[in-house]
Amino acid sequence: MTSSLSLAGYRVGFVVLGCRTNQYEGDALASELAERGAVLADPSSEDLDGVVLLTCTVTAVADRKVRQELRRLRRRHPRAILVAAGCWAQEADPREARRLGADHLVGNRLKAAIPDLLSRLRAGEEVPFLNRRDVGSCEDWDDLRLSRTCRHTRAFVKVQDGCSHGCRYCIVPRVRGRSVSRPPEDVLEEVRGLVGSGCREVVLTGVHLGLYGRDRGTDLGELVKRLARVEGLVRLRFGSLEPFGLGESLLDVLGETEIFCPHLHLPLQSGDDGVLDRMGRGYTAAAFARLVEAARRRLGEDLHVSTDLLVGFPGEEEVAFRNTLELVETLGLGRLHVFPYSPRAGTPAAAWPRPDPAALRERVQRALGLGRTLLDRFASRFLGREVEVLVERASEVEGDGLCPSFVRVRGRMSAPAGSLGRLVPRSVRDGVLRDRSPEEGDETCPGPEEDVLP
């Protein structure tokens, strides 16, 4: 992706909304711009030459956040070039985007061209307002590359894009396109470079990660085997992995890979068979339960299985919602990401009747409450046991990081940021393991980044 077009001294800020795939794309673009000489600046700072907004459109709330952010950025930076890119930009009405303040729209599978776009604008060239392609028929890989991590200890590495499944509520296949995989040699080259720059942990991300390699005659298990041989890589994780992307062969590989961390994020969405069928998920509650049990047999009882719940899907009655809560509790899942259903125009479910808004809000709160209980319950298994922590931040009095099972750990560790420390937790609160009892209180440590991988 690197070009001879220079951006020396060009001050640019990034705002990233949505998933970890978006986060990777923002990091990769920032990395490329920095290599061309651009100055990466906080988007709230003054006198920016350009601002790039990576957008999301997975829900109506996501759309609203994009519109709010575009207005805010335009007010903050009236003279900057404002580029809206990604999923919302893929389908946005160009007239609305202009009214909101965007100078250019860049759709999916074209984000790697943003540095050239900014360079051409800086040189005074005319650049079209609308930069989009038909992602439904596109088999190209958007050649974004990350040369350095923005998080010091771990990096997100995008290896797959698009989805070919077609859940009845989801517009992701429409805005992201069909499934495509990154060449494995490119993945290996990037990971080696990240490890060489000090990164200790890599998180593989994708829109439908389990589809990796099917368009290239390989699979995700083979990629894991090759990454496990990268010298200096201490930990390997997945972002979100759809249940229908996890089979026995992949579990075998993960069980044999020492650096793979015992955490899987498997989106359940609902624990009721009727709702799952209407969603078009392609599995039953019992099949999901068998998958979790198989994963624990292969990866151990310390495996943390987190999940997504889509609450209030059309046709979800109270008994169906209770089935969901009962299933996640019976399976001993950990972190729950809870989303209220939001209709998306153009999907089959958009025209179906929805639950009463008050009932929806109440169910969301019940699910969130259970999620807090389940995360603390899972984390409690580590009380009194020495755990390994990849330290992300450290102060004079304590450190903060994640254990292999994706539970945040905070306490007195002598290890500096970026190294492995050890700690025996004595309490858990709000999903965080601590080496002090609640009565002792906490010391001061820089706050953690959001513990969300999908």
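Worth knowing before you read on, the calculation uses all heavy atoms, side chains too, and leaves out hydrogens, waters and symmetry mates.
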Is the side chain of [X] donor-acceptor paired with the backbone N or O of [Y] at a distance under 3.5 Å, no angle test?
X: Ser31; Y: Asp27; result: no
X: Ser342; Y: Ala60; result: yes
X: Ser45; Y: Ala41; result: no
X: Arg109; Y: Cys138; result: yes
X: Asn108; Y: Val175; result: yes
X: Arg237; Y: Phe260; result: no
X: Tyr169; Y: Pro314; result: no
X: Thr307; Y: Leu268; result: yes

Salt-bridge criterion met for [X] and [Y] (N-O under 4.0 Å):
X: Glu190; Y: Arg182; value: yes
X: Arg176; Y: Asp142; value: no
X: Arg426; Y: Asp435; value: no
X: Glu242; Y: Arg281; value: yes
X: Glu185; Y: Arg226; value: yes
X: Arg145; Y: Glu32; value: no
X: Glu25; Y: Lys111; value: yes
X: Arg216; Y: Glu222; value: no
X: Arg429; Y: Asp376; value: no
X: Arg72; Y: Glu69; value: yes
X: Arg410; Y: Asp400; value: yes
X: Glu46; Y: Arg11; value: no

Does [X] reach the side chain of [Y], with side-chain heavy atoms less than 4.5 Å apart?
X: Leu368; Y: Leu336; answer: no
X: Val424; Y: Arg385; answer: no
X: Glu316; Y: Leu310; answer: no
X: Val58; Y: Ile171; answer: no
X: Arg298; Y: Leu254; answer: no
X: Leu209; Y: Leu241; answer: yes
X: Glu91; Y: Arg174; answer: yes
X: Leu402; Y: Val407; answer: no

Quick one: pull up [atom1] in [X] and [atom2] in [Y] and give me the separation to the nearest 0.5 Å.
X: Glu201; Y: Glu392; atom1: CD; atom2: CD; value: 7.5 Å
X: Trp88; Y: Arg67; atom1: CH2; atom2: CZ; value: 6.5 Å
X: Leu118; Y: Leu29; atom1: CG; atom2: CG; value: 9.0 Å
X: Leu370; Y: Leu375; atom1: CG; atom2: CG; value: 11.0 Å
X: His77; Y: Leu48; atom1: NE2; atom2: CG; value: 4.5 Å
X: Leu309; Y: Phe339; atom1: CG; atom2: CZ; value: 9.0 Å

Query - With sequence neighbours excluded, residues passing salt bridge (charged side-chain N to carboxylate O under 4.0 Å, His left out) with Arg278 - result: none

Query raised in the report: Parallel under 30°, tilted from 30 to 60°, perpendicular over 60°: which one fits the rings of Phe244 and Tyr283?
Result: tilted

**Report entry** Ring geometry between His265 and His263 (parallel below 30°, tilted from 30 to 60°, perpendicular above 60°)
**Finding:** tilted

Report task. Applying side chain to side chain contact (heavy atoms under 4.5 Å, CB included), name anything that partners Glu301, two or more places apart in sequence or on another chain. Result -> Arg296, Arg381

Requested in this report: Dump the intermediate steps for side chain to side chain contact (heavy atoms under 4.5 Å, CB included) on Ser405 and Phe378, then the final yes or no.
Outcome: CA-CA 10 Å; Ser405 295; Phe378 175 79; 4.2 Å; yes

At their closest point, which heavy atom of [X] faces which heavy atom of [Y], and how far apart are they?
X: Ser270; Y: Met279; answer: CB-CE, 4.1 Å
X: Pro340; Y: Val364; answer: CB-CG2, 4.0 Å
X: Gly271; Y: Ala285; answer: O-CB, 3.5 Å
X: His165; Y: Gly280; answer: NE2-O, 3.2 Å
X: Ala84; Y: Thr55; answer: CB-CG2, 4.4 Å
X: Ser181; Y: Asp215; answer: OG-OD1, 2.6 Å

Inspect the surroundings of [atom1] in [X] and state if more than 12 heavy atoms from other residues, nucleotides or ligands are less than 6.0 Å away.
X: Arg354; atom1: CZ; result: no
X: Glu231; atom1: CD; result: no
X: Glu386; atom1: CD; result: yes

Query raised in the report: Given the rule in the side chain to side chain contact (heavy atoms under 4.5 Å, CB included) test, do Tyr10 and Val39 qualify, once you have shown the distances and angles that lead to the verdict?
Result: CA-CA 6 Å; Tyr10 191 87; Val39 177; over 6 Å; no

Query raised in the report: Can Arg434 and Glu398 be said to form a salt bridge (Lys or Arg N to Asp or Glu O under 4.0 Å), step by step?
Result: CA-CA 10 Å; Arg434 295 170 168 85; Glu398 68 176 15; over 6 Å; no

Requested in this report: In sequence, state the C-alpha distance, the side-chain angles, and the governing distance for Asp42 and Ser44, and then conclude on side chain to side chain donor-acceptor pair (under 3.5 Å).
Outcome: CA-CA 5 Å; Asp42 188 305; Ser44 64; 2.6 Å; yes

Report task. Let me see the working for Val234 and Ile259 under side chain to side chain contact (heavy atoms under 4.5 Å, CB included), right down to the final yes or no. Result -> CA-CA 6 Å; Val234 174; Ile259 66 169; over 6 Å; no

Query - Stepwise salt bridge (Lys or Arg N to Asp or Glu O under 4.0 Å) check, Arg322 with Glu318 - result: CA-CA 6 Å; Arg322 288 201 302 267; Glu318 174 63 22; 3.6 Å; yes

Requested in this report: Kindly determine whether Asp219 and Leu250 satisfy side chain to side chain contact (heavy atoms under 4.5 Å, CB included), including the steps that lead there.
Outcome: CA-CA 9 Å; Asp219 59 32; Leu250 179 55; over 6 Å; no

Query raised in the report: Side chains of Ser179 and His208: do they bring a donor and an acceptor to under 3.5 Å?
Result: no

Query raised in the report: Any luck finding a side-chain donor-acceptor pair between Arg344 and Thr57 under 3.5 Å?
Result: yes

